[in-house]
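Since the structure comes first, as structure tokens, the remarks are kept for the end.
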Amino acid sequence: MTDGIASDRQDKLKALRAEGVDPFPARVAKGQPIAEVLEGFDDKLESTVTIAGRLSQLRDFGKLRFSHLSDRSGSLQIGFERDALQDFWPVRKKVESNDLISVTGVLGHTKKGERTLWAKDVTLAAKALRPAPEKWHGLQDQEQRYRMRYVDLFANPGVRETFATRSKIVRETRHYFDSLDYLEVETPILQPLFGGAAARPFTTHHNALDMPLFLRIAPELYLKRLIVGGMERVYEIGRVFRNEGISTRHNPEFTMLESYEAFADYKDIMNRVEGLFQHLVDKVLDGEGKVTFREKEYDLKPPFQKARYLDLFAEQNPGVDWFEHEQVIARAKELGLKVDGIEPAKLANDVFEATVEDTLIGPVFVHDYPTAISPLAKRMTDDPRVAERFELFVAGMELGNAFSELNDPIDQEQRFEEQVVDKDDETPGEVDLDYVTALEFGMPPAGGLGIGIDRLCMLLTGSTSIRDIVLFPLLRRIDPNANQGSEPTAPTEQPPEANKPK
RNA sequence: GCCUCCGUAGCUCAGCUGGUAGAGCAGCGGAUUCUUAAUCCGCGGGUCAAAGGUUCAAGUCCUUUCGGAGGUACCA
């Protein structure tokens with residue numbers, strides 16, 4: 001297992017070289033996509049075409065052998081006949097399953113009627129030194145699938161399709177916002193202060209400026225600076241980084257969509273979200289809004305249900321007032337939640353999450369959140385304890401978060417300062433005063449939205465784990481020095497202190 | 001972080017209350033001009049994740065470590 005390179009394949013490689021065959025030529029005839037060849041196949045019989053791709057298992061009959069060749073678009077059977085392949089025939093056994101080849105041949109059928117490219121000329125495009133996984137079961141081992149996604153992609157049917165769907169979701173999301181005259185922008189990933197969400201950041205350091213930097217946990221505060229600047233409608237789809245736990249719904253780096261629209265409020269943004277879902281249902285799900293996720297069916301076709309946060313809280317916690325700390329504490333204890341050292345608002349929200357979130361089958365907009373847990377959202381005029389904010393839930397999973405953006409710089413600075421006062425690992429050590437300055441120049445009333453693209457893709461592809469829609473999910477590094485010594489060995493290098501929040 | 005489960009051939013897996021390592025596929029040699037999970041005959045392939053322990057004897061039991069999965073916690 002140390003190696004994995006099959007010696008018989010290396011022998012074949014050497015033998016090919018000895019016979020003057022380049023096992024890794026710079027280029028071969030690539031021909032046309034297989035799907036194109038298959039289209040109107042019967043009208044093209046006897047014509048000569050070239051295709052290129054990966055060879056699957058060979059079925060050998062002495063003077064005749066069959067195999068399928070696959071490319072990104074499809075697969076087609078290749079027929080290798082001794083009498084048609086003078087040059088290739090003698091080296092045929094050194095070209096085997098998993099190798100990449102280019103084949104020129106004549107289209108036809110077998111006696112059994114299978115569409116077949118009868119090979120006239122075969123060129124090795126790249127020798128595979130490792131064998132393919134088991135032909136019937138493919139690669140089953142989850143760890144190997146994630147560590148060696150390159151194998152998973154070609155060996156397991158459906159994986160490429162899932163990622164093609166992901167690509168389409170992102171593309172159609174862009175189309176949707178583009179069609180509304182939004183500008184796609186790019187804001188800093190390396191940030192001197194982090195904000196726009198509550199999460200522990202990854203930290204790094206810039207050498208030339210001798211300055212600590214954070215990988216962004218959200219692009220929010222930069223995007224809203226653009227609204228101040230008059231860009232009025234902007235969105236960004238990009239990676240954000242949160243130094244938190246890993247689960248079926250969490251990867252340390254994930255893709256977030258954020259959009260901001262001047263002169264819109266959270267109700268307008270609700271309409272945008274429904275518009276986006278309608279667009280995705282039409283373009284990605286072919287108009288069929290029903291998806292199956294974790295064995296349950298959901299209808300993603302808008303309109304979606306709506307429910308007030310405090311109403312939901314009251315339903316599940318009768319007699320408990322969200323704003324009455326003593327009542328919340330009693331309820332939290334009843335639920336077995338951690339109570340000590342937890343902020344009142346945070347605790348009340350913990351109770352909400354413990355009692356309500358699982359009931360949110362959805363899709364449902366939960367709206368009008370307490371201001372205390374919404375530091376960037378505008379207060380409601382009739383009740384300042386509540387903010388104009390909603391979250392979209394599907395399958396108990398938070399998919400999106402939106403609000404009427406707080407544009408009062410004085411209120412904003414106060415709320416930032418409250419965060420800094422109860423400073424923990426998840427809040428910056430200082431207020432982003434430049435953001436407050438930006439607001440002081442005047443930000444139009446605006447509606448903003450954040451959507452977790454990965455979770456959206458999970459839902460639309462029916463993937464139970466975020467790792468199934470992230471091409472290369474983060475896994476622990478395999479330490480080549482581990483397990484070597486007779487006693488447990490400490491890692492030779494300690495992780496940099498900078499990554500440990502103090 | 002905690003709990004549960006998993007790690008045996010390149011891959012997919014079996015291996016009972018402890019008795020000395022198995023199958024299929026892949027590979028190698030042979031037969032085969034119609035297969036498509038081809039078939040038939042023969043062959044090779046293992047640090048049972050690692051280290052330590054109990055035992056006459058460990059893939060199997062115990063401890064620790066490494067890696068993974070699921071759950072849980074953290075993630076306003």
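So you know, we letter chains A, B, ... as the sequences are listed, proteins then strands, and number each from 1.
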Can you name the residues that form a side-chain contact (heavy atoms from CB on, under 4.5 Å) with A/Asp454, not counting sequence neighbours? A/Arg166, A/Phe254, A/Thr255, A/Ile466, A/Ile469, A/Val470
With the side chain of A/Asp141 defined as its heavy atoms from C-beta on, choose the nearest nucleotide among B/rG68, B/rA38, B/rU12. B/rU12
Among B/rC34, B/rU72, B/rG67, the one nearest A/Arg249 by side-chain distance: B/rU72
Would you classify A/Gln140 as touching base, sugar-phosphate or nothing, given that sugar-phosphate means primed atoms plus P, OP1 and OP2, and contacts are heavy atoms under 4.0 Å? sugar-phosphate
Could you pull out all residues at least two apart from A/Asp311 that satisfy side-chain contact (heavy atoms from CB on, under 4.5 Å)? A/Arg308
Given B/rC13, B/rA69, B/rC66, the nucleotide with the shortest approach to the side chain of A/Leu475: B/rA69
Could you name each residue pair satisfying ring pair (Phe, Tyr, Trp, His ring centres under 6.0 Å) that touches residues 90-116 of chain A, not counting sequence neighbours? A/Phe41-A/His109
Any side-chain heavy-atom pair from A/Lys12 and A/Lys127 closer than 4.5 angstrom? yes
Output every pair passing ring pair (Phe, Tyr, Trp, His ring centres under 6.0 Å) with a member in residues 349-372 of chain A, not counting sequence neighbours, ordered by first then second residue. A/Phe304-A/Phe365, A/Tyr309-A/Phe352, A/Tyr309-A/Tyr369, A/Phe365-A/Phe390
Taking ring pair (Phe, Tyr, Trp, His ring centres under 6.0 Å) as the test, write out the residues that go with A/Phe88, two or more places apart. A/Phe80
Restricting to side-chain contact (heavy atoms from CB on, under 4.5 Å), what partner residues turn up for A/Lys93, sequence neighbours left out? A/Arg65
Does A/Glu315 have any side-chain contact (heavy atoms from CB on, under 4.5 Å) partners at least two apart in sequence or in another chain, and if so, which? A/Leu312
Determine, for A/Tyr222 and A/Arg225, whether the Lys NZ or Arg CZ falls below 6.0 Å from the six-membered ring centre while staying within 45 degrees of the axis. yes
Integer angstrom distance from the P of B/rC6 to that of B/rU60: 13 Å
Quick one, which residues of residues 327-335 of chain A touch RNA chain B with a heavy atom under 4.0 Å? none
Pairs in or reaching into residues 136-160 of chain A: which pass ring pair (Phe, Tyr, Trp, His ring centres under 6.0 Å), with residues at least two apart or in two chains? none
Identify, residue by residue, the members of residues 64-80 of chain A with a heavy atom below 4.0 Å from RNA chain B, and return them in order of residue number, or none. A/Leu64, A/Phe66, A/His68, A/Gln77
Applying side chain to side chain donor-acceptor pair (under 3.5 Å), which residue pairs with at least one partner in residues 73-85 of chain A are found, sequence neighbours left out? A/Arg59-A/Gln77, A/Asp71-A/Ser73, A/Gln77-A/Thr116
Checking all strands, does A/Tyr146 fall into the base, sugar-phosphate, or nothing category for heavy-atom contacts under 4.0 angstrom? sugar-phosphate
Base partner of B/rU72, which must satisfy Watson-Crick or wobble distances under 3.5 Å: B/rG1
Would the number of heavy atoms belonging to other residues, nucleotides or ligands and lying under 6.0 Å from CZ of A/Arg72 be above 12? no
Return the polar atom pairs (N/O with N/O) between nucleotides 25-29 of chain B and the protein under 3.5 Å, or none.
unit_1: B/rC25; atom_1: O3'; unit_2: A/Lys135; atom_2: NZ; d: 3.1
unit_1: B/rA26; atom_1: OP1; unit_2: A/Lys135; atom_2: NZ; d: 3.2
unit_1: B/rG27; atom_1: O3'; unit_2: A/Asp8; atom_2: OD2; d: 3.4
unit_1: B/rG27; atom_1: O2'; unit_2: A/Asp8; atom_2: OD1; d: 3.3
unit_1: B/rG27; atom_1: O2'; unit_2: A/Asp8; atom_2: OD2; d: 3.4
unit_1: B/rC28; atom_1: OP1; unit_2: A/Lys12; atom_2: NZ; d: 2.1

When both distances are under 3.5 Å in a Watson-Crick or G-U wobble arrangement, the nucleotide paired with B/rG19 is B/rC56
Between the base of B/rC11 and the side chain of A/His137, is one N or O donor paired with an acceptor at under 3.5 angstrom? no
Counterpart base for B/rG24, defined by Watson-Crick or G-U wobble contacts under 3.5 Å: B/rC11
Any strand: nucleotide that pairs with B/rA31 via Watson-Crick or wobble, under 3.5 Å: B/rU39
Among B/rC75, B/rU33, B/rG68, which nucleotide sits nearest the side chain of A/Glu143? B/rG68
Taking any heavy-atom pair under 4.0 Å as a contact, classify A/Arg467: base, sugar-phosphate, or nothing. sugar-phosphate
Could you tell me how far B/rG67 sits from B/rC13 if I compare only their P atoms? Round to whole Å. 22 Å
Taking the side chain of A/Arg59 as heavy atoms from C-beta outward, which of B/rG67, B/rA76, B/rU36 is closest to it? B/rU36
Just call it for A/Lys111: base, sugar-phosphate, or nothing, with non-hydrogen atoms closer than 4.0 Å on any strand. base
